[in-house]
Amino acid sequence: MNDKFLKPYSPQDTEANIYTRWQESGFFNPDKLPTRHQKPFTIVMPPPNANGNLHVGHALAIALEDIMIRYKRMQGFKTLWVPGADHAGFETQIVYEKKLEKEGRSRFKMDPQDLYKEILAFTLENKGNMEAQVRALGASCDWSREKFTLDPDVVAETHRTFKKMYDDGLVYRGSRIVNWCSKHATSLSDVETESKEKVDPFYYFKYGPFTISTARPETKFGDKYVVMHPDDKRYAEYKHGQQLTAEWINGPITATIIKDEAIDMEFGTGVMTITPWHDAVDFGIAERHKLDREQVIDMRGKLLPIAGEFAGLKIAEARPKIVEKLKAKGLLVKVDEKYVHNVPVCYKCETAIEPQILPQWFVKMQPLAEKAIKSVEAGEVVFQPDNYRKIFLYWMNNTLDWNISRQIVWGIPIPAKICDACGFAAPDLEGTLTTCPTCKSATALRADTDTFDTWFSSGQWPLLSLGYNSSKDGSARGDCKSFYPTDIMETGSDLIFKWIPRMVIFGLYLTGKAPFHTVYLHGLVNDAQGKKMSKSKGNVVNPTDLIVKYGTDALRIGLIVGNTPGTNLALSEDKIRGYKNFANKLWNISRFVLESTSGAGGTTAFAYDPTFTAWSEADKALVAERDTLVAEITKEMDENKFYLVAEKLYHYIWHRFADIILEDSKAILGSAAPNAVPTVAPSADKTSRAQFLLHTHRTILKAMHPFIPFVTEEIWSLLPKTAGEQTLLMVEKWPTA
RNA sequence: GCGCCCUUAGCUCAGUUGGUAGAGCAGCUCAUUUACACUGAGAAGGUCGGGGGUUCGAGUCCCUCAGGGCGCACCA
């Protein structure tokens with residue numbers, strides 16, 4: 001028996017060495033696996049943001065994906081787990097802007113190219129840091145295939161997709177209302193906004209013969225359309241298109257009556273004026289009736305000249321002054337001081353979103369969403385847990401065209417030319433357009449300075465990370481040839497909107513195949529009381545700290561047990577400490593098994609015999625019990641019920657194998673070795689029990705390996721091997737009953 | 001407003017097609033030069049949120065109420 005067993009198991013002295021051994025074996029790379037590994041099994045890692053440290057949610061994701069991969073690898077699949085790093089466009093730019101702010105700098109005063117270079121350096125530094133943390137978690141991913149979301153081939157392929165979609169009529173440039181964050185000075189997609197409850201005064205004003213109401217008087221300068229429901233009997237005397245004069249903020253205005261069903265007759269007075277430039281509903285009404293639209297607020301949140309004496313003021317300052325003026329003119333009817341409503345805010349800075357009409361690139365969603373719905377309804381993609389299927393379908397049935405232009409530098413540039421003279425806009429991948437094809441102007445034609453929404457490229461990630469290349473249609477397409485479609489997409493449940501639908505859409509659009517057959521969604525990792533971790537509450541748990549204290553194995557299994565897909569997990573340090581004890585228990589079990597089956601002076605009394613079947617009566621029952629367990633957990637592994645498997649194995653190993661079977665074995669096997677220098681043959685009962693311990697010990701190590709890879713691999717390395725056994729446990733066969 | 005999820009032992013959670021309630025942690029009582037104190041043995045602890053229904057039988061299926069969480073929403 002190896003002397004290492006004389007000391008307690010030390011994860012700190014073991015894990016890094018084991019990881020090196022795995023990496024040097026080459027087995028993370030599917031092409032280097034032994035020949036029994038033929039059928040591909042693929043997971044693409046959701047690339048962690050390369051802008052900071054991993055949090056404990058990442059640790060859960062890595063643990064889950066690694067369990068899936070290690071299990072399948074042991075079963076003989078040709079496993080590929082593609083690691084990645086995300087430049088995370090908008091998110092990283094915000095992290096960097098905060099850093100600039102602390103240094104008293106601002107991106108608005110910087111040359112965009114310098115800013116890009118600085119963020120790139122920052123990201124590359126964090127990328128290395130992030131990768132080291134992924135390794136520390138034991139991830140058996142193929143680093144030789146690692147992809148960064150700004151790698152040149154990723155950028156080139158994203159550009160080609162943009163062009164293809166434009167050619168197919170699925171991408172267009174349009175002046176539509178978008179979500180504008182005036183702090184970050186960029187537009188945002190609908191999933192990048194949140195709604196927040198606000199209490200504001202709600203004003204009622206006289207507008208010609210009507211009383212209208214609003215929470216935003218500062219947008220009302222240009223309002224010249226009065227809208228009411230066509231069925232509203234109160235206003236039946238007014239006809240659609242009829243004109244009338246109304247006294248308004250800066251003098252009389254000619255107003256036009258519009259009848260539209262978007263109006264809620266129950267709300268307010270049932271009459272409103274519209275501001276199409278700064279309100280999505282109003283924009284919709286204006287679109288339907290082809291009405292004029294005028295900008296009132298500029299891109300930094302200040303009033304434009306249309307506001308007359310109020311021009312140049314910020315919204316917050318202007319609002320009370322405008323109300324004051326209307327009151328003085330006798331147009332203020334009443335004010336509800338406490339009007340509760342939800343306003344959209346930027347999901348990062350909580351600045352109120354100012355809708356603006358901007359020329360941007362949009363993806364036409366409906367035809368793409370229809371394909372995704374069909375695919376999911378046909379069962380080509382299944383969700384774990386199943387209720388996310390409903391959420392997915394609801395989302396796909398209610399799509400709006402997707403704005404993919406961002407006014408930030410950190411991202412993939414949009415390869416397009418825009419003509420400021422005639423409005424021409426089209427992709428120009430090679431940069432060959434120098435004069436506008438429509439109006440022939442050379443001076444008005446410029447390159448688009450915007451970048452893509454990160455999700456435009458991330459949505460293609462299963463393809464991009466596998467080297468998909470649409471320009472070589474029909475020929476070799478990198479790893480996509482053998483590994484696409486992938487098998488499982490494991491990610492956080494919050495990405496059910498932001499990411500999953502886009503991957504399904506792009507996969508179907510570009511290849512006709514959904515990018516994965518299973519979506520496994522994990523929940524949030526909360527603190528021990530089930531409260532969300534946040535910096536302000538001070539309850540954030542850093543995975544690296546836990547690894548240092550308890551070892552990666554303890555952290556991994558602590559994150560898995562009691563964690564069902566889709567539901568949040570309460571993580572307590574006690575739990576992880578308990579699993580550190582478990583790793584040590586396994587260590588001592590190994591020591592006992594080796595000691596009690598080996599002879600004195602290093603001779604082996606009982607060598608592991610894989611073909612042994614002459615079980616004693618007592619051991620037959622134990623073999624049957626173990627085989628039942630193996631059959632159960634194999635089924636549960638196939639169903640991705642890792643929480644059940646981990647718990648069952650834990651219970652069997654500790655409370656059956658160690659507490660009962662090992663204790664009983666002491667009496668059967670005698671004090672230590674049966675006979676160092678055998679004078680009589682060991683009894684049949686002794687042989688049977690010794691073989692049972694040796695067999696079951698190996699079964700336990702193999703079955704636990706996906707969950708606690710380090711300690712099981714370390715123990716495996718200390719076992720005397722029999723012919724046919726692999727040097728590394730990671731490529732041993734998964735046990736069979 | 002619409003939708004989804006949750007409510008089971010002190011705490012955190014399991015409980016597969018309906019068939020006599022489970023685990024981990026904490027707590028309690030003992031034991032202890034043991035493979036292992038990173039330990040063992042034992043006991044205790046729940047009318048499964050309330051009410052109603054279906055059924056021979058409901059933690060599980062249906063209805064309803066209450067509490068908690070989350071998501072979506074263009075009532076100006």
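Lettering follows sequence order; numbering is per chain, from 1. Given the structure is predicted, the values throughout are model-derived calculations rather than measurements.
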Considering only the [atom1] atoms, how many Å lie between [N] and [M], rounded to the nearest integer?
N	M	atom1	answer
B:rA44	B:rC56	P	36 Å
B:rG51	B:rG22	C1'	27 Å
B:rG46	B:rC4	C1'	28 Å
B:rA41	B:rG24	P	11 Å
B:rC63	B:rC25	C1'	38 Å
B:rG27	B:rA9	C1'	12 Å
B:rU54	B:rA66	C1'	23 Å
B:rU17	B:rA43	P	32 Å

Measure from [atom1] on [X] to [atom2] on [N] and round the result to the nearest Å.
X	N	atom1	atom2	answer
A:E573	B:rG24	CD	C1'	16 Å
A:K390	B:rC70	NZ	P	20 Å
A:N588	B:rA35	CG	P	10 Å
A:I557	B:rC38	CD1	C1'	15 Å
A:Y388	B:rC6	OH	C1'	12 Å
A:M228	B:rC75	CE	P	20 Å

Parallel, tilted or perpendicular: which fits the ring planes of A:W248 and A:F205, with parallel below 30° and perpendicular above 60°?
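Answer is perpendicular, since the angle exceeds 60°.
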
Pairs under 3.5 Å (N/O, protein and nucleotides 40-43 of chain B):
unit_1	atom_1	unit_2	atom_2	d
B:rG40	OP1	A:K585	NZ	3.2
B:rG40	OP1	A:W654	NE1	2.2
B:rG40	OP1	A:D659	OD1	3.4

Would you please indicate yes or no on a ring centroid separation below 6.0 angstrom for A:Y71 and A:F642?
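Aromatic pair excluded; centres sit 6.0 Å or further apart.
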
Sugar-phosphate atoms are those with a prime plus P, OP1 and OP2; base atoms are the rest. Using that split, label each nucleotide of nucleotides 11-17 of chain B B, S or - for protein heavy atoms under 4.0 Å, 5' to 3'.
-SSSS--

Please work out if [X] contacts a base, only the sugar-phosphate, or nothing of the nucleic acid, heavy-atom cut-off 4.0 Å.
X	result
A:F283	nothing
A:F5	nothing
A:S213	base
A:Y650	sugar-phosphate

Sequence neighbours left out, what passes side-chain hydrogen bond (donor to acceptor under 3.5 Å, both in side chains) with [X]? Give chain and number order.
X	result
A:D231	none
A:Q384	A:N640
A:D200	A:H341

Sorted by first residue and then second, give each side-chain hydrogen bond (donor to acceptor under 3.5 Å, both in side chains) pair with at least one member in residues 386-401 of chain A; sequence neighbours left out.
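Every side-chain hydrogen bond (donor to acceptor under 3.5 Å, both in side chains) pair that includes a residue of residues 386-401 of chain A, provided the two are not neighbours, is A:Y172-A:D401.
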
Residue closer to the 5' end of RNA chain B, A:P8 versus A:F497 (nearest nucleotide):
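Upstream on the strand: A:P8.
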
Could you check A:R591 against A:R577 and say which one's nearest nucleotide on RNA chain B is further toward the 5' end?
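Closer to the 5' end of RNA chain B: A:R577.
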
Applying the Watson-Crick and G-U criteria (both distances under 3.5 angstrom) with [ ] for crossing and | for other-strand pairs, one obtains for RNA chain B (((((((..((((.....[..))))..((((.......))))......(((((..]....))))))))))))....

Any residue meeting salt bridge (Lys or Arg N to Asp or Glu O under 4.0 Å) with A:D292, in chain and number order, not counting sequence neighbours
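For A:D292, the residues satisfying salt bridge (Lys or Arg N to Asp or Glu O under 4.0 Å) (neighbours in sequence not counted) are A:K224.
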
Holding to salt bridge (Lys or Arg N to Asp or Glu O under 4.0 Å), I want the full list of residues that pass it with A:D260, two or more places apart in sequence or in another chain.
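Here the qualifying residues are A:R288.
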
Enumerate the ring-ring contact (aromatic ring centres under 6.0 Å, His included) contacts for residues 575-598 of chain A, please, sequence neighbours excluded, ordered by first and then second residue.
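Those involving residues 575-598 of chain A are A:F5-A:W587, A:Y9-A:W587, A:Y579-A:Y650, A:F582-A:Y650.
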
Positions of residues 267-280 of chain A (non-hydrogen atom under 4.0 Å from RNA chain B), listed by number:
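Hits under 4.0 Å, by residue number: A:F267, A:G270, A:M272.
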
Minimum heavy-atom distance between A:H278 and A:P355, given as atom pair plus value:
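Closest approach of A:H278 to A:P355: ND1-O, 2.9 Å.
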
Rounded distance [0.5 Å steps], CZ in A:F210 versus OG1 in A:T269:
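Between A:F210 CZ and A:T269 OG1, I get 9.5 Å after rounding to 0.5 Å.
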
Between CD1 of A:I576 and CG of A:L559, what distance do you get to the nearest 0.5 Å?
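Reported to 0.5 Å precision, the distance equals 5.5 Å.
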
Does a nitrogen or oxygen in the side chain of A:N581 sit under 4.0 Å from OP1 or OP2 of B:rU39?
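Answer is yes, contact under 4.0 Å.
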
Do we see a donor-acceptor contact under 3.5 Å between the side chains of A:S187 and A:N403?
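Judged by distance alone, the side chains do pair up.
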
Tell me, please, which residues at least two apart from A:F392 pass ring pair (Phe, Tyr, Trp, His ring centres under 6.0 Å).
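Ring pair (Phe, Tyr, Trp, His ring centres under 6.0 Å) list for A:F392, sorted by chain: A:F383.
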
So with a 6.0 Å cut-off around NZ of A:K648, is the heavy-atom count from everything else above 12?
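Yes.
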
